[in-house]
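Quantities reported herein were computed from a predicted structural model and do not represent experimental measurements. Heavy-atom basis, side chains included; hydrogens, waters and symmetry copies ignored. Labels below follow one simple rule: chain letters A, B, ... track the order of the sequence lines, proteins then strands, and each chain is numbered from 1.
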Protein chains: 2
Amino acid sequence: MKPKDEKKIKEIFHATLKLVKLNGLAGITMQSIAKQAHIATGTLYIYFENKEKLITELFNECVKKSTSTYFTNYDPEAPFKVGFRTIWENMFQYRINNFEESIFIEQCFHSPFIHQDTKLAAKEMFQPLVKLIERGKKELLIKSLETFCILGFLAGGMSEIIKRAHYFDKKITRPMMEETFLLSWDAMKA
Amino acid sequence: MKPKDEKKIKEIFHATLKLVKLNGLAGITMQSIAKQAHIATGTLYIYFENKEKLITELFNECVKKSTSTYFTNYDPEAPFKVGFRTIWENMFQYRINNFEESIFIEQCFHSPFIHQDTKLAAKEMFQPLVKLIERGKKELLIKSLETFCILGFLAGGMSEIIKRAHYFDKKITRPMMEETFLLSWDAMKA
DNA sequence: TTTTTAACTGAATAATTATTCATTTAATTT
DNA sequence: AAATTAAATGAATAATTATTCAGTTAAAAA
């Protein structure tokens with residue numbers, strides 16, 4: 001009895017992310033994934049029931065992995081700015097180092113593959129950050145704007161900087177990162 | 001001789017935008033576009049050579065329409081903040097009122113339909129804004145961070161706020177808009 | 001070593017989707 | 001009002017892509 005090769009799932013995921021970064025969700029086929037992962041098309045179906053399941057499982061994997069990273073070393077008891085800085089830096093680093101995943105998640109949100117419940121579950125994982133922002137508003141440290149505005153602004157801004165850095169092939173240096181943190185902080189600051 | 005019905009192009013574009021908003025670029029088919037536009041599939045090919053051409057032409061149309069709106073009433077001679085405010089408000093309003101187009105353009109950037117030269121041409125249309133930001137830096141009014149960071153942050157933040165407003169079905173009020181402008185302004189301010 | 005069994009293969013099939021085309025319809029010209 | 005011609009139609013065809021499956025391979029058990 002030959003056992004399932006768990007490394008293959010990683011290779012399939014890796015291949016999918018690479019192709020989505022290259023051509024978008026609209027550009028991937030099961031054949032291209034198989035080829036990129038150096039396996040036969042049929043093998044994909046041993047690991048995943050179908051294309052939709054493959055995408056959905058990868059999506060959930062990415063969301064789980066990324067959000068759990070976002071909150072490592074985060075202490076909800078620490079002062080607001082300390083907590084915010086921790087999460088902010090975790091996000092920034094993660095998205096730079098895992099650019100393909102970020103692109104993939106973004107694409108999934110506007111695709112026929114990911115259903116509403118999956119999206120909601122993903123959103124749910126950001127609760128600690130939502131709570132933190134609300135605490136910041138209570139403590140009068142940040143603007144009293146609706147949380148979705150503040151968070152959207154910060155998250156969208158960060159994503160876009162990282163995207164442009166990749167496309168224009170710019171290196172993000174430590175001082176640039178500090179300046180970028182200031183963009184976020186000054187924006188939200190009361 | 002029956003003349004081409006120019007209104008049909010509008011209907012086709014409109015149908016495509018609606019479907020892309022709903023299901024993403026990965027979710028549209030020529031049949032679904034035709035159906036949504038209340039025409040026969042074959043008719044699509046009278047107006048557009050093929051699917052890629054349809055998408056590319058719609059993309060160019062959207063980019064042209066949106067960027068030209070962004071710079072209406074913009075006076076490059078006016079003080080920095082006045083000019084910035086004009087463009088910022090034009091963008092904000094346009095994206096709220098033409099949400100589908102914004103989503104479509106975003107999706108196109110990561111798709112197999114739009115080629116590099118088309119993307120570059122689109123980027124080129126933002127030159128006046130790039131110039132303005134660079135002027136703001138020279139006048140020491142805003143942070144001396146690379147322009148792509150500042151612009152990316154502002155544009156990404158704005159997009160994401162508007163996206164979340166749509167998905168969570170939030171109305172963006174005038175005071176909210178003012179507060180949102182402050183997010184951008186405070187972020188970039190020196 | 002032999003047997004067993006599930007992974008693996010990739011060509012074959014099924015399903016979907018892009019594109020074409022013979023036919024019909026309706027503006028315009030004569 | 002008849003003739004002309006290009007738009008419009010939608011079923012047929014072509015192309016692409018998802019999925020299956022009969023046969024092969026290799027790990028584990030006997």
Practice item. Evaluate the ring planes of B:Phe99 and B:Tyr167, with Trp represented by its six-membered ring, and classify them as parallel (under 30°), tilted (30 to 60°) or perpendicular (over 60°). Key: perpendicular
Practice item. Take the protein atom CD1 of A:Ile46 and the nucleotide atom C1' of D:dT19, then report the distance between them rounded to whole Å. Key: 13 Å
Review point. Which nucleotide, C:dT19, C:dA7, D:dA8, lies nearest any side-chain atom of B:Tyr45?
Key: C:dT19
Review point. Can you say whether the rings of B:Tyr70 and B:Tyr94 are parallel (under 30°), tilted (30 to 60°) or perpendicular (over 60°)?
Key: perpendicular
Check your understanding: How would you label the contact of B:Tyr47 with the nucleic acid (heavy atoms, under 4.0 Å): base, sugar-phosphate, or nothing?
Key -> sugar-phosphate
Revision key, fill the gap. Out of D:dA8, C:dT9, D:dT19, minimum distance to the side chain of B:Lys8 belongs to D:dA8
Practice item. Classify the ring geometry between A:Tyr74 and A:Phe71 as parallel (under 30°), tilted (30 to 60°) or perpendicular (over 60°). Key: tilted
Practice item. Return the value, rounded to whole Å, for the distance between atom CD of A:Glu49 and atom P of D:dT19. Key: 9 Å
Check your understanding: How long is the line joining CD of B:Glu52 and C1' of C:dT17, in whole Å?
Key -> 16 Å
Review point. Which part of the nucleic acid does A:Ile39 contact within heavy-atom distance under 4.0 Å: base, sugar-phosphate only, or nothing?
Key: sugar-phosphate
**Study point:** Atom-to-atom span, CD1 of A:Ile12 to P of C:dA7 - whole angstrom
**Key:** 12 Å
Review point. Does A:Thr43 place a side-chain N or O at less than 4.0 Å from the phosphate oxygens OP1/OP2 of C:dT9?
Key: yes
Check your understanding: For the ring pair B:Phe48 and B:Phe13, is the centre-to-centre distance below 6.0 Å?
Key -> yes
Review point. Applying the side-chain contact (heavy atoms from CB on, under 4.5 Å) test to A:Ile114, which of A:Ile105, A:Thr56, A:Leu25, A:Asn60 qualifies?
Key: A:Thr56
Check your understanding: Is there a donor in the side chain of A:Lys137 and an acceptor in the side chain of A:Thr147, or the other way round, less than 3.5 Å apart?
Key -> yes
Review point. Rounded to the Å, how far apart are A:Asn50 CG and D:dT19 P?
Key: 5 Å
Practice item. Would you mind reading off the distance between A:Lys7 atom NZ and C:dA7 atom P, rounded to a whole angstrom? Key: 17 Å
Review point. For the residue pair B:Phe80 and B:Trp185, does the interplanar ring angle fall in the parallel (under 30°), tilted (30 to 60°) or perpendicular (over 60°) class?
Key: tilted
Study note, to complete from the structure: Judged by nearest nucleotide, the residue sitting upstream toward the 5' end of DNA chain C, B:Lys51 or A:Ala40, is A:Ala40
Practice item. Strictly below 4.0 Å, heavy-atom distances to any atom of DNA chain C: list the hits from residues 17-37 of chain A, or just say none. Key: none
